[in-house]
Every structure is written in structure tokens, then in C-alpha cells.
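The block underneath contains the structure these notes are about, expressed in C-alpha cells.
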2 protein chains.
Amino acid sequence: MAASRPNSPASTTTLADRILADLTAAIVEGDLSPGEKLREPDLARRFGTSRGPLRDALRRLESRRLVVATPNAGARVVSLSHEQLLALYELREALEGQTARLAAERISAAELGELERLLDTHAAEIERRHGREYFRQQGDLDFHFRIAKASGNALLYDTLCVDHYQLMRLYRTKFSNRFGRPNRALAEHRRVLEALKDRDGELAELLMRRHIRAARDTIAAEPPSTDTT
Amino acid sequence: MAASRPNSPASTTTLADRILADLTAAIVEGDLSPGEKLREPDLARRFGTSRGPLRDALRRLESRRLVVATPNAGARVVSLSHEQLLALYELREALEGQTARLAAERISAAELGELERLLDTHAAEIERRHGREYFRQQGDLDFHFRIAKASGNALLYDTLCVDHYQLMRLYRTKFSNRFGRPNRALAEHRRVLEALKDRDGELAELLMRRHIRAARDTIAAEPPSTDTT
DNA sequence: ATCTCAATTATTGTTGACAATATATAGCCG
DNA sequence: CGGCTATATATTGTCAACAATAATTGAGAT
């Protein structure tokens with residue numbers, strides 16, 4: 001149940017792998033807009049391959065929920081409705097609450113130290129605002145993912161950080177960074193870390209769930225924007 | 001984010017769909033054993049198709065975690081280690097806790113009635129033991145899945161009942177039905193249902209999590225059996 | 001006899017052509 | 001002029017052959 005093989009030496013990369021990475025980047029970076037039709041011949045030409053590996057990549061994107069496909073009708077870039085986005089946060093709340101609870105029992109001293117340093121970095125980043133928000137977001141997810149790793153549950157980690165990672169990235173750009181949020185989020189992170197240090201799984205879960213629900217609430221308050229579903 | 005299209009009239013079924021269903025059945029029913037190598041030419045011949053749709057089906061099975069594949073080395077039927085099986089229950093605990101919590105807020109009166117009747121059926125089934133255990137298990141999952149449906153969160157439902165359904169079925173056969181478990185499990189179900197009726201999300205989550213943790217504990221107490229990972 | 005290495009075999013990755021289905025266009029009828 | 005049907009086009013589904021990689025077998029040396 002390995003997420004990816006970062007350390008296997010002869011990690012032979014297949015064509016479908018490369019297309020998967022490129023297509024994912026194209027979607028998350030907005031090069032392909034939500035709802036856009038994904039025509040196989042076009043994409044195959046674009047990536048310089050045949051349709052075989054491309055279809056393979058599309059299937060994997062489908063399982064990561066970045067693409068929705070209907071038989072004989074083709075694939076489209078995902079376009080979450082307001083409700084679906086809120087549902088994503090409800091899923092995160094469940095998964096990340098559990099990772100926090102388990103991490104409190106299993107995290108190592110070294111990992112705790114790394115988390116501490118990470119949050120210090122974030123604090124500095126917020127201080128001198130010019131630091132592009134992009135990095136802050138990336139770092140924010142880092143915090144969440146390291147806790148998932150520290151949960152010692154590879155299945156939870158994969159479900160969260162592999163299957164739903166890019167989808168979260170895609171729909172995060174627009175919402176986070178509301179005015180007070182960055183600093184409040186940092187404070188919430190700090191409290192989660194304290195609970196982890198205290199080995200208090202119950203509290204860590206509670207705080208993590210509140211943290212994610214807070215993010216959800218800011219979205220729930222948003223105007224539903226133009227909804228393509 | 002539809003799981004499957006049960007009611008679309010012209011639901012054109014592709015070849016890969018059929019293979020996916022057949023292969024899934026073969027794995028879950030033990031026709032293909034855990035860890036067994038899945039050779040594409042063999043399987044293609046077996047299902048009377050070419051390798052194209054077969055590879056497609058294999059990719060989807062991979063995303064449902066029933067198959068593990070490594071590039072250039074082929075695919076095998078999943079074989080969960082003792083730890084991985086426990087991890088699966090930790091995932092369920094998180095997901096189903098959340099479905100119970102949300103269902104308490106959103107379930108309809110009609111759905112509550114159906115759940116009640118379902119549990120009565122289970123009670124009768126346990127009473128006259130000759131009822132094959134198979135049906136009991138199926139029914140047990142039914143209870144959990146109806147709650148997932150009633151949570152009103154399609155993403156949670158899919159993650160639980162589509163992505164991990166067959167994997168749970170596969171590794172359930174061997175463990176549940178320990179001596180007192182069926183009756184205890186039924187009692188636990190009843191208490192969850194009571195919480196749902198009371199619209200007490202907090203309690204429903206707590207009870208559901210305990211229920212799943214109880215199942216996990218019986219497994220944790222098992223001998224790790226012969227572990228192929 | 002055992003280990004190493006090379007050649008062979010088998011299996012997966014990739015490609016382009018063909019078939020089946022869905023979408024778009026144009027003509028017809030009301 | 002609007003809606004519907006039939007044709008035409010484009011796109012997805014399927015197939016069989018080819019290329020590249022991994023697994024296996026056998027020979028040779030120590």
C-alpha cells in the first residue's frame with residue numbers, strides 16, 4: 001500500500017506515470033479549467049503519446065476524483081458544486097481527526113521536533129507578508145500531511161494524501177487566505193501540536209476537527225459562486 | 001460523484017465494466033487467492049477479451065485496493081498483513097463515525113423505519129441459526145451502508161461503500177461470527193439506531209466508533225495467521 | 001556443488017487501426 | 001419559424017501486433 005516509491009533506486013517510470021503527473025499539474029494549475037472536456041486524441045497529441053497510456057492516466061485521475069468520466073461520453077475536469085466542496089471538508093474532518101488521534105499515540109520525538117520547526121517557519125512567513133501565499137498554503141498542507149504520516153496508518157495516509165491531495169489543492173486556492181485566517185490557522189496548528197506533545201489523542205482529534213470545520217465554515221459562508229454541477 | 005448509475009435507462013455497460021465485476025467476484029469469492037499473480041494474457045483469455053479492457057479493469061481494482069501492481073512487474077491480488085487489516089478498521093472507524101454523526105442530523109423518517117425493519121430481520125436471522133452466516137454478514141454491511149447513504153455526503157459514501165466495500169467483504173469472512181459477536185453486534189446496532197432516532201450525532205458517532213473498534217479488537221486478538229506481506 | 005553471468009522466454013508497455021457509440025449538422029415537416 | 005428526424009462527423013471502446021522490460025533457465029567458472 002505504498003503511496004509512491006521515493007527511495008527505490010530503479011524506479012522505472014512508465015509513460016502513463018508521466019502523463020498522470022503532467023495532467024495533474026495542468027488541472028491544479030488551472031491550465032485546464034473545471035468542467036472542461038478532455039478529448040483523448042487532443043491530449044495524446046499534446047503529450048506526444050498514443051491514446052493507450054493516456055487512457056490509463058485518465059483512469060487514475062478518475063480514482064483521485066480530479067476527473068469525472070461517463071462511459072462512451074468521455075471525461076471532464078472535475079467541477080465541484082458548493083455542496084460537494086463542503087462534503088470534501090466533512091471527509092477531511094473525519095480522516096484528519098483520526099490521523100491526529102493516532103499520531104498522538106505514535107508520533108516520534110524527532111517528528112514532533114520537525115513539526116515545531118515547520119510552524120516556526122510558517123510564523124516567519126506570515127510575518128513578512130510578501131512571502132507569496134502559495135508557499136504558505138503548501139506549508140499548511142505539509143503540516144497536515146506530516147501528521148497523517150505520523151499516524152502510522154498507511155491506508156489513512158494514502159486515502160488522504162494521495163487520493164484527495166490534488167483535489168484539496170485545487171479547491172483551496174480560492175478560499176483560504178481570508179483576512180484573519182492565516183494567523184488563526186497557525187494558532188490552531190499550534191494547539192494541535194501541543195496536544196500531540198501531551199500524547200492526548202482525544203484532544204488532538206477534537207482540535208483538528210475544529211480546525212477543519214472552521215475552514216469549512218468560512219467556505220459555507222461564501223457565495224456559492226457559479227456552480228457548474 | 002455518483003457511485004453507479006442504478007436508474008439511468010440506457011446504462012451502456014462497457015467491456016471493462018463487466019470484467020471489473022467478474023474479477024471482483026472472483027477475488028472476493030476466493031476463486032483467486034490473495035497474493036496470486038494476475039497475468040494479463042491469462043485473464044484476457046479467461047474473460048474472452050483482449051488485454052485493453054482488462055488492463056482498464058485492473059487499474060480500477062487497484063484504486064479499490066483489491067489489486068496491487070508495480071510497474072513492469074505486473075499485478076497481484078491484494079494480501080493484507082495483520083497490521084494493514086487493523087489499519088483498515090481504523091479507517092472505517094473514522095469514516096463511519098462521521099457518517100453516523102451526519103446521518104443523525106439528516107436521516108429521514110422513512111430511512112429510520114427501514115433501518116428498524118432491517119435490524120428486526122437480523123434478529124430473526126440470528127434466532128434460527130441455520131440461516132447461513134453469509135446473509136447475516138451481507139445484512140450487517142447493509143446496516144452500515146444505509147447509514148452512509150443517510151449521511152447525505154456522497155463523497156463519504158463513495159469512499160466507504162465503493163472504494164473499500166469489496167476489500168471489507170474479502171477480509172470479513174474470516175473474522176466476524178466469533179462466538180458471542182453476532183448478538184453483541186446486533187445490540188450495538190440497536191443502540192446506534194436509538195441515537196439516530198434521538199438526533200444525537202455526538203452519541204451516534206461514539207457508538208459507531210466503539211462498535212467498529214470492538215470488531216477491530218477481536219481481530220487484534222487473533223493470531224496473525226500466515227502473513228504474506 | 002554453488003554462485004555468477006549470459007541468453008532465452010515470458011510478461012508488461014505502447015502503438016495504430018478498426019468498430020461501436022454519441023454528438024453535431026442539416027434537412028424536413030408541422 | 002420552431003421542433004423533430006436522419007445523416008454525417010467526431011469521439012470513445014476494442015483489438016492485435018510490436019517494443020521494452022523483467023523473470024527464468026542453463027552454462028560455465030570457482
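Here the structure is a predicted model, which is why all the values come from computation and not from measurement. We name chains A, B, ... by the order of the sequence lines, and we start the count at 1 in each one.
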Quiz item: Under the salt bridge (Lys or Arg N to Asp or Glu O under 4.0 Å) rule, what pairs show up with a residue in residues 19-30 of chain A, not counting sequence neighbours?
Solution: A/Arg18-A/Asp22

Quiz item: With sequence neighbours excluded, what pairs up with A/Phe47 under the ring-ring contact (aromatic ring centres under 6.0 Å, His included) test?
Solution: none

Quiz prompt | By ring-ring contact (aromatic ring centres under 6.0 Å, His included) - contacts of B/His164 (at least two apart) | solution = none

Quiz prompt | Which residues share a side-chain contact (heavy atoms from CB on, under 4.5 Å) with A/Asp217, sequence neighbours left out | solution = A/Arg213

Quiz item: Going 5' to 3' along nucleotides 8-20 of chain C, which nucleotides have protein heavy atoms under 4.0 Å from the base (write B), which only from the sugar-phosphate (write S), and which from neither (write -)?
Solution: ---SBBBB-----

Quiz item: What is the distance from CZ of B/Phe47 to C1' of D/dT14, rounded to the nearest Å?
Solution: 17 Å

Practice problem: Calculate the interatomic distance between B/Leu54 atom CG and D/dG13 atom C1'; express it in whole Å. | Solution: 15 Å

Practice problem: Mind checking salt bridge (Lys or Arg N to Asp or Glu O under 4.0 Å) for A/Arg101 and listing every partner two or more places apart, or none if nothing turns up? | Solution: A/Glu205

